[in-house]
Structure formats: C-alpha cells, structure tokens
2 protein chains.
Amino acid sequence: MAVARQRAGRDGRPTLEQVAARAGVGRGTVSRVINGSPRVSERTRVAVEAAIADLGYVPHRAARALAGNRADAVALVVPEPETRLFAEPYFAAIIRGISVELAEADIQLLLTLSRTASERERFAQYAAGNRVDGVLLVSVHGEDPLPELLAENGIPAVMNGRRSAHETFPHVDGDNVGGSRAAVRHLLERGATSVATITGSRDMYAAQCRLDGYREELDAAGLADDEGLVAHGDFSEEGGYRAMCELLGRRPALDAVFCASDLTAAGARRALREAGRDVPGDVALVGFDDSAIARHMDPPLTSVRQPTEEMGRAMTRALLAEIAGEAPTSPGLILPTELVRRASS
Amino acid sequence: MAVARQRAGRDGRPTLEQVAARAGVGRGTVSRVINGSPRVSERTRVAVEAAIADLGYVPHRAARALAGNRADAVALVVPEPETRLFAEPYFAAIIRGISVELAEADIQLLLTLSRTASERERFAQYAAGNRVDGVLLVSVHGEDPLPELLAENGIPAVMNGRRSAHETFPHVDGDNVGGSRAAVRHLLERGATSVATITGSRDMYAAQCRLDGYREELDAAGLADDEGLVAHGDFSEEGGYRAMCELLGRRPALDAVFCASDLTAAGARRALREAGRDVPGDVALVGFDDSAIARHMDPPLTSVRQPTEEMGRAMTRALLAEIAGEAPTSPGLILPTELVRRASS
DNA sequence: ACCGTCAGTGGGAGCGCTCCCACTTGCGAA
DNA sequence: TTCGCAAGTGGGAGCGCTCCCACTGACGGT
C-alpha cells in the first residue's frame, strides 16, 4: 500500500501528489507553485500548472488548513436580534463588498448568527482554536464582550461602526457627523427656519454622532440652540411616530425634521399626515441610511447614504492586512457619506 | 519528540490527545464521546466530558474534516445579481432558519456569492472536492447549470423555489398558487368585480404560478376570463408602473389589482396616483412577498407572505437528511402562504 | 471448567497538505 | 582547478483528528 503512491484521494479527486507525479516534480515544488512562491523556475511552474489543469486539481481545504495552521476562512458575526438589519440594502451591500474582497484572496466567508451573549463567548472560544483566521463584526453594542474576547485571544478582527468616539478596536465606519451636517445644511438651504431632529437610541454612538452633526450644522449657521426641537427616538418607526407627535405639540411651527433613520422618518411621516401637515410643503423630511423604504415612501424620502459596499471592502482589506501581520496604520477608517435628494425635502 | 505526546497543539490549544491523557483513556474513546457513539460506558463518558470541560477543549475542525472525509460545512449560494434579494425580509428570514438548523447540527454556513455562470461552474468543482458537505441554492434560474453540475457530482443540494411544475431537483417552495388564490378571493370578497393582475417575469416559474392562481380563483368564482385584465411585468417597480398604465388604458373600469410582487405593486400604486385613482377607494391593491416596502407604502399594502424562516429550516433539514444518506421521501416540499391584510384592500 | 460472545477500549495508520532541512546544480570568484 | 554560494528541488515529518482492527475481560450457556 505504501508503495502505490500517486493515487487519487479518497473522494476520487486528484491530490497534490498526483500533480507532482504528472509534472515530474516533487510535492514540495507543486506546493510552492500553488502558493505562488518565487523560488520556482519558470519552466517548472509552467509544467506544474499544466498538470494542475489536466487533472482538474483543486487543493483540499481541510488538509491545507490543518498543515498550514490557518483556516482560509473568516467569520462574519451578526447578532441575531439584529437580523432585521439583514433586510436592509445596507447589509446586502456590506456583504457584497466583503465577498468581493474575500473572493480575490480565496478565503471563505462563514456566516454566524449569534443569538445570545453566551453564544458569542462560545464563538470566541471557537474562533480562538484556529477555526477562523479573522472575524468581521457588525452591529456591536457597548456591552458586547466579543471584541475584547477576540482581542485577548489575539484573533484579528475588524468591526463595522464604533462604540464611542475613542474606539480603539479596529473599525470602519461611515461619517455620521458629516452626513447629518449635510442633511441639515440641505434643509437650511431649502429655506427651513426651524429644523427639528428625532434621534436614534441614545446608547448608540451612531445616534450620538447624528445628533452632534445636527447641532454642529445649526451652530455653524448661527441658529439658536433650541432643545425643544430635539426629540428622542430609538431608530424604530413607532419611536419616530411618538417623537414626531411630541415635537408637533412642543414646536408646532417647525418646518423641517432630520431623522436619525429612515424608519424613524416613516413614523414621523405618519404622525405628520395624521396632523394634516404636507410633506414637503409644510414640513421637509430627511432620513438616514437610504434604506429600501426611503425610495418607496410617499413622497420618496431624502436620505443620507453610506458607501456601504466600500465599507465592506475596507473592513475586509483591513482584516486581511491584520491577518497578514501588517501593523495597522490607524485603528479606524471613516468613509464619507452622501445625501440622496428626493421629493420629501 | 515522538515520545512527548500529550502536548497541546501548535496554537497552544488542547488536543484530543491531551483530553485522553487527562481522562486516563485512549484517543479512540475520546473521539467516540465527542461523536456521541453509544459504545462508551457511562462512567467513561462522564470522565471524558469532565476532562473536556477542564481543558476547554474544542475539536479542531480542519483535522476532523480531513480525517473524517467531510467538511462540516454547507454552502449557501446566492447569485450576485440577486443580492438585492438580500435586502428583503424574505432573505433574512431564510438565512435565520438555515442558521438555526445548522447550529443545532454544529455545521458551518459558508456564504458564496457567485457573480457569473463560469463562477458557478467553478463553484461546482470546488464543492465536489469535499470542501462542503452540501449546497443550499436560492434564486435559481432556468438556465443555471449549477443544479445539474451538483447532481452529476453527487453533491447533496436543495433549492429554494422551483424552476418548473415538474421540478425533479430537491426543493422547498412556498405555495404560490394558493397564495394568489387567497389574494384574489380576498379582493372578490371585498366586493371587487373587475380584478386585474400584473404578472412577474414570464420566464420564472413563480410568476407563472401566481398567474395560475389568479386565473383559477376567477374561474372558481365563475367570472369570465378577460385577458385584457392581465398585464405583464417583471417583478420590478418600473415594470409595475408600465403595466398599470397599460391596464388603466385598456380596462379603465377595473377596481382591483393583484400584483406578482410588492415592488410591482409599488409601481402600480404610483401609476394609480398619477391617474387620480384612490387606493383602496377606487382600486384595491394586493402584492406578494410581504416585503419591507409593503408595510411602508401609503396605504400599507396587503400582501401574501411566505413562511420564510420555516422554508430556511425545511431546506436545511432536507439537506442534512440528504447528506446523512437518507432517501428523500419526496423531491420537494411546498409550504403554505398567508395573506397579510392591510389598508390597501 | 471451558468456550463463545460482545460491550468496551487502545492505538496504528493515514487523511492531503505545508514546513523545512538536506541536497544538487550551475556559476562566478579565488 | 577548487571552492562558496544562491537558486532550485525532493521528500520526511507531522498537523489533529477518525477509522478500524485487535484486544481485554465479564458474563452466560453447556
């Protein structure tokens, strides 16, 4: 048995050994060709590549992973409660970006939905055991133990978004402040004189940034700081509805509202309709995220779009660099946002 | 070197060998415990489990895969052009279902976006090499070579949806005909007398089914078959808009429209508004998919919902059964749909 | 007392790779 | 000519598991 080398693998597929035999070289050489080592002569490389093509050889991932002490895979961890996020163009685009970048590096994407905090801890355990080379994190909340767990275990990871202004964990985020400022500026330019805002969940940094942007832009325009124009929502439609009712009661003369999310804007729009206010005639409305509902609202909603696909790519590139052991140039990357103008403002 | 067994793995994590030493048993026994073999005495199992817990042992996936000739992973293949599908609650729910079911079986989910047909062929190659145990397919079009490629290579696979009435490939689908019939029946019950429909892309079986359901229900109600009430769309909003304009020109007296998708309904709604028709006052509208936009249309759209999470689970269960070598009881499974009533009808 | 049986167990072999060391060349310098 | 060295190469060792065969010992039947 030990004599008859050069046999195909258990599953009938060619092995590296067969390729080597066919090309008339040793296993080491084939391995070098596959891994793009420069220490192979041109002639040899060509011969090996021909043998690979002839045989239709595809490296066996598990064997590679085992021998090479790596996984050739990265995990994307999505908190289960957040799967509604899934139902957003935002998410689809991020995944597309990730996928493109990973495909180029020939690395697999593992999708992991983690339901509970304990499951996230278990995941860290799991990830530590060389089961993945790196981790991509989305929708990370402040109390999530996963980032620290990963860092402690020395597992390369990058998150989407930030938990605070001084996020030390590697991250890629959209420019929330800049986007909000652009939205408010736009409202002001369209002649609004009393711009209200409905915030997102106060414990989320993105919500804080969007509120900061709102304030900064009003300041820059020299408008008085009126706290009565700020109502707190929670990114949900219902929250938007309630906040809008509140606002209408408090500042009936408002003529524009900047919402921290499109969903919030949808709720606000409902409240405005019930109050008999026309959009954009009486009140101009702007959302954030440029999600599916923005395009389909009546009237279509002006919204702030993040360069989501690019964010996915950037996250992945950063992660791959980290895996490759490159020293990170900076802990984070902030990508610019863009205002998409529609009929609501 | 060969003497000093019982050492931790390269990455410092405990190996099965260590667990065996700690529990005072052989490697084989630990393996049996891990894999739930019944051929282990209660006492031994307890001891091994304690050792596993003490050491925080996690099996090394790649080693398992290599030795066991399996991958412990299944791939979900999404055609890249379809990633907009991603941005649907439909998709999110399917993935959630898949994820739940896979987590129970401790199998990983690989997400693969395939851009081109050639990439799909390459994927079949790849899958064949024992790199995944099975494949989950969504949005399969008629000319897609992947299902056949997988079948030829003996790779277990299940698709979501069907390509035709006599789909032989294992599949899980929603009851499109039943859903459409329920939608039309609902419209009729609400007093509609002239029910039009806007179809989906004619080359898609789901679109055909939805049209069939529409016809069947009208037949059942004894209404004359009026081809003028059928306009062809393509599941897109623009297509819905055009078809609605057409319909309005041809049958100005229509008082209800059943659309093959929510997006189509959104387009139709726009056309109706431009024509000055009130929804639901003048024309009742029903969509299909119960997607995000349905809830946020004005008025909110009545729509047919599929049991999507359950579909994901069913697909996964079917795939796991196939992987386990169980003979499929039937080639496919059709799950019931449900009409979600909202203000548009 | 003998045997067969079988639940339970230990450990060798080997999965298909990568790593790395030892080796062979070819070639310019001494 | 001899040596040194770098470029190129072959293949042993070993990654952490599972598979499976061989073995042990308790037990019941004869």
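Each chain gets a letter, A, B and so on, in the order its sequence line appears, and its residues count up from 1. The shown structure was predicted, so the numbers you read here are calculated from the model rather than taken from an experiment.
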Rounded distance in Å - CD (B:Gln18) to C1' (D:dG16): 11 Å
Spacing of B:Asp72 atom CG relative to D:dT18 atom C1', expressed in whole Å: 12 Å
Side chain to side chain, A:Arg22 and A:Val19, heavy atoms closer than 4.5 Å: no
Nearest listed nucleotide, side chain of A:Arg27, among D:dT18, D:dG10, D:dA13: D:dA13
Sugar-phosphate only, base, or nothing, as touched by B:Asn35 at under 4.0 Å among non-hydrogen atoms: sugar-phosphate
Side chain proximity check, A:Ile94 to A:Leu76, heavy atoms < 4.5 angstrom: no
Nearest-neighbour nucleotide for the A:Arg10 side chain, C:dC17, C:dC15, D:dT9 considered: C:dC15
Selected nucleotide, minimal atom distance to A:Thr29 side chain, candidates D:dG12, D:dG10, C:dT9: D:dG10
Closest-nucleotide ordering on DNA chain C, the 5'-leading residue of B:Val25 and A:Gly68: B:Val25
Rounded distance (Å) that lies between atom C1' of D:dG16 and atom CG of B:Asn69: 16 Å
Heavy-atom closest contact (B:Leu136 atom, B:Ile98 atom, distance): CD2-CG2, 3.8 Å
Sugar-phosphate, base or nothing in reach of B:Gly28, heavy atoms under 4.0 Å: base
Residues in contact with DNA chain D, drawn from residues 40-67 of chain A - heavy-atom cutoff 4.0 Å: A:Val40, A:Ser41, A:Thr44, A:Leu66, A:Ala67
Phosphate contact (C:dA7 OP1 or OP2) by B:Arg39 side-chain N/O below 4.0 Å: yes
Terminal axis angle for the helix from C:dA1-D:dT30 to C:dA30-D:dT1, five pairs an end, nearest 10 degrees: 50°
A:Arg13 and B:Asn153 side chains, donor-acceptor separation under 3.5 Å: no
Whole-Å distance separating the CG atom of A:Leu16 from the P atom of C:dG14: 19 Å
Length of the CZ-P vector between B:Arg32 and D:dC19, whole Å: 11 Å
Side chain to side chain contact (heavy atoms under 4.5 Å, CB included) between A:Leu16 and A:Ile34, worked out: CA-CA 10 Å; A:Leu16 178 144; A:Ile34 290 168; 4.1 Å; yes
Cationic N near anionic O, under 4.0 Å, B:Glu42 to B:Arg45: yes
Atom-pair distance (CZ on A:Arg13; C1' on C:dC15), nearest Å: 16 Å
C:dT18 phosphate, OP1 or OP2, under 4.0 Å from A:Ser31 side-chain N/O: yes
With A:Arg313, the side chain to side chain contact (heavy atoms under 4.5 Å, CB included) member among A:Met311, A:Met315, A:Glu310: A:Glu310
A:Arg122 atom CZ, over 12 foreign heavy atoms within 6.0 Å: no
Criterion side chain to side chain contact (heavy atoms under 4.5 Å, CB included) on B:Leu335 and B:Asp173, from CA distance to verdict: CA-CA 6 Å; B:Leu335 299 177; B:Asp173 201 358; over 6 Å; no
